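Below: the structure, in structure tokens.
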Amino acid sequence: LAEAASAQLSGPEQARWLARLDPEQENFLSAHRWCDRSVQGAEAGLRLMFGLKLYLFNRGFLAPLHWGTRDALARPGAQARTIVRCRALHTAGQVAFFTGRFADAKLQLEEALGIAFELGDSGRAASVLQTLGMTCLGLGDRADAGRYLKQALNLAQERGDQRELAAALNALAQLHRVEGALDVAEPLYERCLALTRLLGDQENTAVALLNLAMVAMGRGRLDRADALLLEALDIADAIGSRMSGVNVLAVAGGLASLRSDWPQAARFTNAANTQMRAAGSSLDPADEAFLAPLIGRAKQALDAPLPALAESAAGPGDYADAIMLARQWLMTSRS
């Protein structure tokens with residue numbers, strides 16, 4: 001079931017399959033425990049966690065993805081340098097990246113990349129290279145980040161794999177955005193967006209929209225940023241993606257700061273931070289680099305910590321309230 005779902009979680013059936021998996025969470029947990037005592041549990045456990053990766057990312061369940069993949073990699077018989085171990089190492093590296101543990105991520109991704117090249121799996125290598133490049137960016141190593149990301153893009157282009165190409169375009173655009181090269185980053189994001197729309201991949205369409213919103217903010221086109229964030233929010237609601245919704249809140253906090261709407265900047269940033277702490281996640285390093293100075297302006301203007309101000313201003317206490325407030329604010333600002 002996990003593998004059947006995973007094959008559909010980047011396409012037009014995404015929402016239906018996400019909802020299909022929601023009632024099965026306890027069964028997947030039981031299957032994970034069963035792998036501890038099964039003769040074939042090592043390979044089955046690695047396959048299970050890889051199959052669940054996109055679902056758990058979408059729902060913001062990074063903690064079970066972390067410990068589930070950790071346990072699967074540590075089981076007796078799971079150390080052979082096979083494609084199932086390679087995929088699980090990549091998953092572990094992605095989780096470490098999204099939780100801000102960049103040094104751990106680099107070690108896991110380098111092992112995964114070595115196995116992918118040993119097996120001649122250029123598709124998996126391209127995917128690992130994207131995460132490895134972004135991890136190097138998180139570590140402040142832009143030179144290696146650029147080298148890995150360009151290599152990932154070249155491999156994806158050689159293979160003609162549209163999903164990998166979309167991801168590689170987005171990752172390379174992140175590096176250019178951090179470097180302030182918006183004229184280079186924007187067309188890469190636009191190509192990524194066109195591909196994700198063609199594939200019916202709503203989750204990654206939302207990611208591209210969020211990135212284009214930050215480009216629009218960097219160019220001072222705040223009305224365009226409103227429209228892009230509203231569309232990303234529509235997608236997050238439609239497929240139940242908490243991760244995309246939280247990222248909309250974080251970017252909306254930066255947008256409010258650009259408008260000198262300090263109370264809303266505090267509310268949205270506090271809500272995003274609360275949700276990320278609960279999930280154990282953190283902002284992408286490119287997004288953190290863009291948003292941190294904007295939130296710093298809000299802190300300075302308010303002369304108060306953002307969480308304290310958000311509480312005193314009756315900021316939203318839960319995810320649903322925060323999303324509703326963000327939608328109302330974006331629509332009002334746009335009009």
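From a predicted model like this one, the values you see are computed outputs, not experimental measurements. In what follows, every heavy atom counts, from backbone to side chain, and hydrogens, waters and symmetry copies are set aside. For reference, positions follow the sequence shown, starting with 1.
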Cluster link L89 to L62, ILVMFWY, side chain under 4.5 Å: no
Approximate separation, where rounding is to 0.5 Å, of L209 CG and T196 OG1: 7.5 Å
With N211, the side-chain hydrogen bond (donor to acceptor under 3.5 Å, both in side chains) member among N170, D284, N247: N170
Check ion pair D144-R147 (N to O, under 4.0 angstrom): yes
Donor-acceptor contact present, side-chain S244 to main-chain S241, <3.5 Å: no
Ion pair check, R221 and D226, cut-off under 4.0 Å: no
Lys/Arg N to Asp/Glu carboxylate O, E164 vs R159, below 4.0 Å: no
Cationic N near anionic O, under 4.0 Å, R177 to E186: no
Modelled atom types, side-chain donor and acceptor of N154 and Q151, under 3.5 Å: no
Heavy-atom pair of closest approach, residues C35 and R75: CB-CZ, 3.5 Å
Spacing of CG belonging to L325 relative to CZ belonging to R327, to within rounding of 0.5 Å: 12.0 Å
Side-chain (T135) to main-chain (T131) donor-acceptor, under 3.5 angstrom: yes
side-chain contact (heavy atoms from CB on, under 4.5 Å) between E203 and L54, intermediate numbers included: CA-CA 10 Å; E203 182 88 71; L54 293 179; over 6 Å; no
Expected output: side-chain S282 to main-chain F98 donor-acceptor under 3.5 Å: yes
Single-linkage hydrophobic cluster I239~L199, side-chain heavy atoms < 4.5 angstrom: no
Check: A78 main-chain N/O paired with R85 side-chain donor or acceptor under 3.5 Å: yes
D183 and R219, any side-chain heavy atoms less than 4.5 Å apart: yes
Check: Q14 side chain, D201 main-chain N or O, donor-acceptor pair, under 3.5 Å: no
Nearest heavy atoms of E110 and K106, plus distance in Å: OE2-NZ, 2.6 Å
Pair R87-D121, salt bridge (Lys or Arg N to Asp or Glu O under 4.0 Å): steps then yes or no: CA-CA 11 Å; R87 295 186 313 188; D121 191 331; over 6 Å; no
Gap separating the CG atom of L65 from the CZ atom of F50, nearest 0.5 angstrom: 11.0 Å
Side chain to side chain, D287 and Q174, heavy atoms closer than 4.5 Å: yes
Any donor-acceptor N/O pair, Q79 side chain to L73 backbone, under 3.5 Å: yes
Check: Y189 and L169 side chains under 4.5 Å, non-hydrogen atoms: no
Exercise: identify the closest heavy-atom pair between L283 and E288: CD1-OE1, 3.4 Å
Side-chain touch T274/Y319, heavy atoms, less than 4.5 angstrom: no
side-chain contact (heavy atoms from CB on, under 4.5 Å) between S10 and R163, worked out: CA-CA 8 Å; S10 296; R163 296 188 194 284; 3.4 Å; yes
Within-4.5 Å side-chain heavy-atom neighbours: T91 and M49: no
Steps toward side-chain contact (heavy atoms from CB on, under 4.5 Å) verdict (L1, F28): CA-CA 9 Å; L1 176 60; F28 285 127; 3.8 Å; yes
Verdict with supporting geometry, L255 and Q264, side-chain contact (heavy atoms from CB on, under 4.5 Å): CA-CA 9 Å; L255 183 56; Q264 295 292 43; over 6 Å; no
L172 CG to Y148 OH distance, which is reported to the nearest 0.5 Å: 15.5 Å
L56-L46 co-clustered via ILVMFWY side chain contacts under 4.5 Å: no
Lys NZ or Arg CZ of R267 over W262 ring: under 6.0 Å, within 45°: no
In one Ile/Leu/Val/Met/Phe/Trp/Tyr side-chain cluster, 4.5 Å: L175, F290: no
Spacing of I323 atom CD1 and Q275 atom CD [to the nearest 0.5 Å]: 8.5 Å
Minimum heavy-atom distance A250-A272, with the two atoms named: N-CB, 3.7 Å
Check: L113 main-chain N/O paired with R124 side-chain donor or acceptor under 3.5 Å: no
Any side-chain donor near an acceptor of the partner, E24 and Y55, under 3.5 Å: no
Carboxylate-amine/guanidinium contact D223 R259, below 4.0 Å: yes
Exam field: side chain T69 to backbone H66, donor-acceptor pair closer than 3.5 Å: no
Atom pair CG/CE of L109 and M134 - distance to nearest 0.5 Å: 12.0 Å
Closest contact, heavy atoms only, L129 versus L149: O-CD2, 4.2 Å
Check: L294 main-chain N/O paired with S257 side-chain donor or acceptor under 3.5 Å: yes
Check: R81 and E118 side chains under 4.5 Å, non-hydrogen atoms: yes
Side chain proximity check, F97 to P285, heavy atoms < 4.5 angstrom: yes
Under-4.0 Å salt bridge between R197 and E231: yes
Atom of A185, atom of A173 and distance for their closest heavy-atom approach: CB-O, 3.5 Å
N/O donor-acceptor pair under 3.5 Å between N204 side chain and V207 backbone: no
Transitive ILVMFWY side-chain link W17 to I235, under 4.5 Å: yes
